[in-house]
S.K.: 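The structure follows.
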Amino acid sequence: MTEYRPRQWTRREYHRLDELGVLPEDEPVELLDGQLVVAEPKGAPHATIVARVAAVLRRTLGEDWFVRQQDPIALDETSEPEPDVVVVPGADLDYFDGHPARPVLVVEVAETSLYYDRGYKGSAYARAGLSDYWIVNLVDWRIEVYRHPVSDNSAELGWRYLDVDFLTAGAAIVPLARPDVSVAVSDILPERLRPVRGSR
Amino acid sequence: MTVEVGQVRRWTRTEYQLLATRGVLPESEAVELIDGQLIITEGKTPSHTIAVELMADALRAVFGGGWFVRQQGPIALDEHSEPEPDVAVISGGPRDYLADHPARPALVVEVADSSLLLDRHHKGSAYARASLPDYWIVNLVERQVEVYRRPGTDAAADFGWRYLDVHIVAPGGAVTPLALPDTRIAVADLLP
């Protein structure tokens with residue numbers, strides 16, 4: 001038996017908080033599983049690589065796919081995270097009436113948020129059945145590819161990704177939505193920018 | 001205090017009050033702010049409600065002028081906490097707290113039916129950290145009053161503090177508020 005039950009926030013209440021300006025601008029938060037969670041701050045490396053991922057995906061996937069950066073996805077009643085990059089079918093105007101719910105690809109760029117992106121967030125994405133989840137790991141300078149969501153009681157929200165691949169320079173990733181194209185890891189994480197150990 | 005990514009966002013008391021006044025948190029919702037988290041509180045069952053009333057009456061009888069007894073009113077515990085203990089004894093009078101809620105009640109009482117773990121470990125640790133000298137739990141499950149005193153540090157506790165002295169009093173016994181050592185309240189009078 002748990003000690004206490006935290007109050008669950010709904011997406012609608014979360015929007016209201018936004019409207020009221022209750023949450024300070026400089027403290028990014030997102031709504032996940034009814035809780036307001038502190039999100040990764042937007043430092044220069046993070047912002048640069050997010051832009052890079054989006055540009056590479058736009059160039060590679062072509063016109064039938066829409067690449068969104070740090071915009072909300074309506075995951076469920078009590079979750080509205082803002083993944084760094086998502087790919088959804090169609091075009092920008094298709095989402096005028098509501099945020100997309102099931103992107104075909106979600107990418108998170110992680111520096112301080114690695115533990116959270118792998119664990120709690122990964123579990124939330126797996127639970128929602130998002131089939132293709134990449135973490136661009138700025139600490140270890142590699143891309144982690146998560147696929148095949150399965151239920152697992154030991155996971156934070158009862159789900160996790162069964163297939164996990166760590167890919168470094170020289171490797172390429174084939175997006176599940178477009179098996180005819182590939183994305184080179186070094187296009188997103190050039191070796192010349194790899195952090196020197198202890199330099200940050 | 002550094003904020004860790006992936007941690008649940010902590011609310012301050014000011015923000016919490018804003019949520020209430022702007023109607024984001026419905027009036028009817030039973031939540032309390034403990035260490036920045038909005039916690040769902042115990043429901044008001046008949047036995048819970050009666051136990052609160054019995055305690056408030058007993059305390060009003062022994063605490064005379066110079067004190068007042070508040071039922072389920074807010075306490076300004078710290079920057080991120082505003083619990084609403086079932087009963088609290090506060091020095092002075094209600095008008096003394098127009099500017100802000102009282103911060104250091106002389107006695108705090110929680111009535112526990114389904115909320116025993118919350119009251120003992122979570123709230124207990126928060127109250128100990130705030131150095132509240134006298135904390136009682138009316139345990140409706142085991143029909144006893146638990147008296148907690150002497151706040152001390154404990155790394156294993158929820159907020160690094162707990163009450164070092166715990167004294168269980170059964171229905172045959174009596175409890176004495178720390179602030180009034182010459183009084184006694186029969187536990188039998190406090191149980192529904």
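Just so we're on the same page: letters track the sequence lines, and every chain starts at 1.
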S.K.: Between A:Glu27 and chain B, which part of the residue has a heavy atom less than 4.5 Å away: side chain, backbone, both or neither?
M.R.: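 Side chain of A:Glu27 only, per the 4.5 Å heavy-atom cut-off to chain B.
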S.K.: If you apply the rule side chain to side chain contact (heavy atoms under 4.5 Å, CB included), what do you find for A:Trp9 with B:Val24, and how did you get there?
M.R.: CA-CA 10 Å; A:Trp9 291 89; B:Val24 181; 3.6 Å; yes
S.K.: Under a 4.5 Å side-chain heavy-atom rule over Ile, Leu, Val, Met, Phe, Trp and Tyr, are A:Val38 and A:Leu31 clustered together?
M.R.: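 Per the 4.5 Å side-chain linkage, A:Val38 and A:Leu31 are not co-clustered.
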S.K.: Just how far is it from atom OH of A:Tyr4 to atom CD of B:Gln37, taken to the nearest 0.5 Å?
M.R.: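 Result: 5.5 Å between the selected atoms.
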S.K.: Measure the CG-CG distance between A:Leu20 and B:Leu18 for me, rounded to the nearest 0.5 Å.
M.R.: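 If I round to the nearest 0.5 Å, the distance is 7.0 Å.
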S.K.: Are A:Val85 and A:Trp65 joined in one hydrophobic group, where the rule is that I, L, V, M, F, W and Y side chains link up if heavy atoms are under 4.5 Å apart?
M.R.: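 As far as the 4.5 Å side-chain criterion goes, A:Trp65 and A:Val85 are connected within one cluster.
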S.K.: Quick check on the hydrophobic clustering: are B:Val52 and B:Val109 connected, directly or via other members, by side-chain heavy-atom contacts under 4.5 Å?
M.R.: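 Both belong to a single hydrophobic cluster.
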S.K.: Looking at every non-hydrogen atom in both residues, tell me the closest pair between A:Ser113 and B:Val5 and how far apart they are.
M.R.: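 For A:Ser113 versus B:Val5, the nearest heavy atoms are CB-CG1, 3.3 Å.
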S.K.: Quick one: does any side-chain atom of A:Arg16 pair with a main-chain N or O of B:Arg22 as donor and acceptor, under 3.5 Å?
M.R.: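 The answer is yes, because a donor-acceptor pair under 3.5 Å joins these two groups.
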S.K.: Is there a chain of hydrophobic side chains (I, L, V, M, F, W, Y, each step under 4.5 Å between heavy atoms) that links B:Leu118 to B:Leu38?
M.R.: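 No; tracing contacts between hydrophobic side chains, which count when under 4.5 Å, never links both residues.
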S.K.: Linking I/L/V/M/F/W/Y whenever any side-chain heavy atoms sit under 4.5 Å apart, do B:Phe63 and B:Val147 land together?
M.R.: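 Linked within one cluster.
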S.K.: Does CD in B:Glu142 sit with more than 12 non-hydrogen atoms of other residues, nucleotides or ligands closer than 6.0 Å?
M.R.: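 Atom CD in B:Glu142 is packed in, count exceeds 12.
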S.K.: With rounding to the nearest 0.5 Å, note down the distance linking OG in B:Ser115 to CZ in A:Arg5.
M.R.: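 So the gap between those two atoms works out to 10.5 Å.
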S.K.: Looking at B:Leu25, B:Leu33, B:Ile39, which one forms a side chain to side chain contact (heavy atoms under 4.5 Å, CB included) with A:Arg7?
M.R.: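 Exactly one pass, corresponding to B:Leu25.
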S.K.: Please indicate whether A:Phe166 has more than 12 foreign heavy atoms, meaning atoms of other residues, nucleotides or ligands, lying under 6.0 Å from its CZ.
M.R.: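 For A:Phe166, atom CZ is crowded (more than 12 foreign heavy atoms under 6.0 Å).
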S.K.: For chain A, which residues from residues 153-191 of chain B have at least one heavy atom closer than 4.5 Å to it?
M.R.: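 B:Asp158, listed by number.
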S.K.: So with a 6.0 Å cut-off around CG of A:Asp180, is the heavy-atom count from everything else above 12?
M.R.: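 It does: A:Asp180 CG has more than 12 such atoms within range.
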S.K.: Is there a side chain to side chain contact (heavy atoms under 4.5 Å, CB included) between B:Trp11 and A:Val22 once you walk through the steps?
M.R.: CA-CA 10 Å; B:Trp11 296 97; A:Val22 176; 3.8 Å; yes
S.K.: At what distance, to the nearest 0.5 angstrom, does CZ of B:Arg9 lie from CG of A:Leu17?
M.R.: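 Between B:Arg9 CZ and A:Leu17 CG, I get 9.0 Å after rounding to 0.5 Å.
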S.K.: Report which part of B:Leu19 has an atom under 4.5 Å of a heavy atom belonging to chain A: side chain, backbone, both, or neither.
M.R.: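 Just the side chain, heavy atoms under 4.5 Å.
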S.K.: Where does B:Val31 contact chain A at under 4.5 Å (heavy atoms): side chain, backbone, both or neither?
M.R.: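 B:Val31 touches chain A through side-chain heavy atoms alone.
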